[in-house]
Amino acid sequence: LDEFGDYDLEMGKLASGTDTSQMLEMVAAYERWIEARTRVSESYSDLDREQALEHMRLARQCASRIRLGIDSLTDPGIGRAFRLMNVAMVEQRLAQDRAKGTDADVQRWRPFQLAFILMNLPALADPRHPEREIVDLLWFPTGGGKTEAYLGCIAFSILLRRLRREKDGGVSAIMRYTLRLLTRQQFERASGLVCALEVIRRRELVEATPISLGLWVGNSATPNKVADAQKILNDMASGVQPEGSTPVQLLRCPWCGSPLSHENYAVIRRELTILCSSSSCDFADGLPLYVTDEDVYRVQPSLVIGTVDK
């Protein structure tokens, strides 16, 4: 509960309508918090007061940007991309629940997540926007939900690009991490959202360029070339387990949860394809995921997740 306001940031409601009242109440609550903290800051000693009031000035700027983000939703393209982004976030969570065999919970944004997305919408939608010169740092403790905020912005960008120009694909975002293990974990997390986005594209934007995800971590973790991936898969089929580099990066389908083994990784038309083991899965003919450098360079996936040394 927020002592400064009462609002509901349910993803499903944001996905299905144009009502912005709950988001407006969220930013109003934030503004009330800013005013309360400003009054407290006035009682500080000189140096502390100066720093605290500067923080409150920057917070007011953020609140203003959030309001401008909400205003931008009146644009038909921006509004639709925002709603479809919320659809994708809901559907990926439903897919995860189905895979786990658990009951689906109502999905809601945490205020900081939705605030971060809203304050970035205008600049994400306009390549000439002056706020493209701003680097927004999102700080929150581990496990607090930072990745969902980033992925929300990325999903919006990918969808808006296709709403404006159906055949305009290419890389919309790159996420880079310092450790290969962390990078592979984030690849697993993002793969569910990308699958949801691709399902939405097939349903809502059938003529648009497919949506995909690429893993870009270097030869010590994944093979650079498709031919190298094929050799490793052949060795695995003969019972030889690879040491180090392997194309088998996912052991479960990120969409339906079905198990995956080396047998579900196949080179088809010179492309490494990951085939879901379930014939009823939306991705039985191939997941929109690429794990060799050669495929990443050729396909130019919508989202690329890599290490800082690539």
Side-chain angles (χ1 to χ4, degrees), residues 2 4-35 37-38 55-90 92 107-140 144-165 168 172-175 193 196-197 200 204 302-303:
D2 187 339
F4 294 95
D6 184 16
Y7 47 86
D8 184 0
L9 306 180
E10 183 181 334
M11 293 178 183
K13 292 179 179 178
L14 295 174
S16 60
T18 58
D19 179 20
T20 60
S21 61
Q22 298 302 305
M23 291 182 283
L24 288 169
E25 178 54 28
M26 177 193 71
V27 70
Y30 181 40
E31 289 165 340
R32 287 190 283 270
W33 176 84
I34 293 170
E35 292 309 312
R37 296 311 304 170
T38 298
H55 288 168
M56 292 302 99
R57 183 188 69 80
L58 294 172
R60 289 189 187 91
Q61 286 185 5
C62 290
S64 176
R65 290 175 63 194
I66 294 168
R67 286 194 176 277
L68 290 173
I70 296 171
D71 290 344
S72 74
L73 297 175
T74 58
D75 177 277
I78 294 174
R80 189 180 180 198
F82 178 78
R83 291 191 295 275
L84 289 176
M85 177 271 290
N86 277 279
V87 173
M89 298 301 290
V90 171
Q92 70 140 346
Q107 303 299 329
R108 290 181 169 86
W109 291 106
R110 294 178 180 178
F112 85 89
Q113 294 172 330
L114 188 57
F116 182 81
I117 293 168
L118 289 169
M119 68 188 287
N120 280 288
L121 291 188
L124 288 172
D126 180 3
R128 296 175 298 279
H129 200 285
E131 287 178 6
R132 289 224 168 189
E133 299 299 316
I134 297 175
V135 177
D136 287 307
L137 175 63
L138 183 58
W139 185 92
F140 213 80
K146 296 185 295 297
T147 299
E148 283 71 20
Y150 302 146
L151 291 177
C153 288
I154 291 168
F156 170 82
S157 299
I158 290 171
L159 290 162
L160 184 63
R161 177 177 289 193
R162 284 157 178 77
L163 284 168
R164 287 178 168 173
R165 296 175 296 276
D168 192 356
S172 291
I174 299 175
M175 299 178 73
L193 176 62
L197 288 168
I200 291 168
E204 303 275 347
S302 315
L303 169 60

[X] vs [Y] side-chain heavy atoms within contact, under 4.5 Å:
X      : Y      : value
Leu197 : Met85  : no
Leu114 : Leu14  : yes
Pro111 : Tyr7   : yes
Lys13  : Asp19  : no
Ile154 : Ile158 : yes
Arg65  : Glu131 : yes
Phe156 : Ile117 : no
Ile66  : Met26  : yes

What's the shortest heavy-atom distance between [X] and [Y], and which atoms?
X      : Y      : result
Glu25  : Arg32  : OE2-NH2, 2.5 Å
Cys153 : Asn120 : SG-CB, 4.4 Å
Ala59  : Tyr30  : CB-OH, 3.5 Å
Ala63  : Val27  : O-CG2, 3.6 Å
Ala88  : Leu193 : CB-CD1, 3.8 Å

Pairing of Arg67 and Glu31 as salt bridge, 4.0 angstrom limit
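A salt bridge links Arg67 with Glu31.
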Do side-chain atoms of [X] reach the backbone of [Y] as a donor and acceptor pair under 3.5 angstrom?
X      : Y      : value
Arg110 : Ala149 : no
Gln113 : Glu148 : no
Ser64  : Arg60  : no
Gln22  : Leu9   : no
Arg132 : Arg128 : no

Checking Arg161 against Ser302: is there a side-chain donor and acceptor pair closer than 3.5 Å?
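Ser302 vs Arg161: no donor-acceptor pair found between side chains.
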Between Asp2 and Trp33: side-chain donor-acceptor atoms closer than 3.5 Å:
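Side chains of Asp2 and Trp33: no pair found under 3.5 Å.
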Determine the interplanar angle of the Tyr150 and Phe116 rings, folded into 0 to 90°, and report it as parallel if under 30°, tilted if 30 to 60°, perpendicular if over 60°.
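Tyr150 and Phe116: perpendicular rings.
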Nearest 0.5 Å please: distance from the [atom1] atom of [X] over to the [atom2] atom of [Y].
X      : Y      : atom1 : atom2 : result
Asn86  : Ser16  : CG    : OG    : 9.0 Å
Cys62  : Arg57  : SG    : CZ    : 10.5 Å
Trp139 : Phe112 : CH2   : CZ    : 10.5 Å
Leu73  : Thr18  : CG    : OG1   : 9.5 Å
Ile78  : Arg80  : CD1   : CZ    : 14.0 Å
Asp75  : Leu160 : CG    : CG    : 8.0 Å

For the CG atom on Asp136, are there more than 12 heavy atoms of other groups (residues, nucleotides or ligands in this structure) within a distance under 6.0 Å?
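Yes, enclosed.
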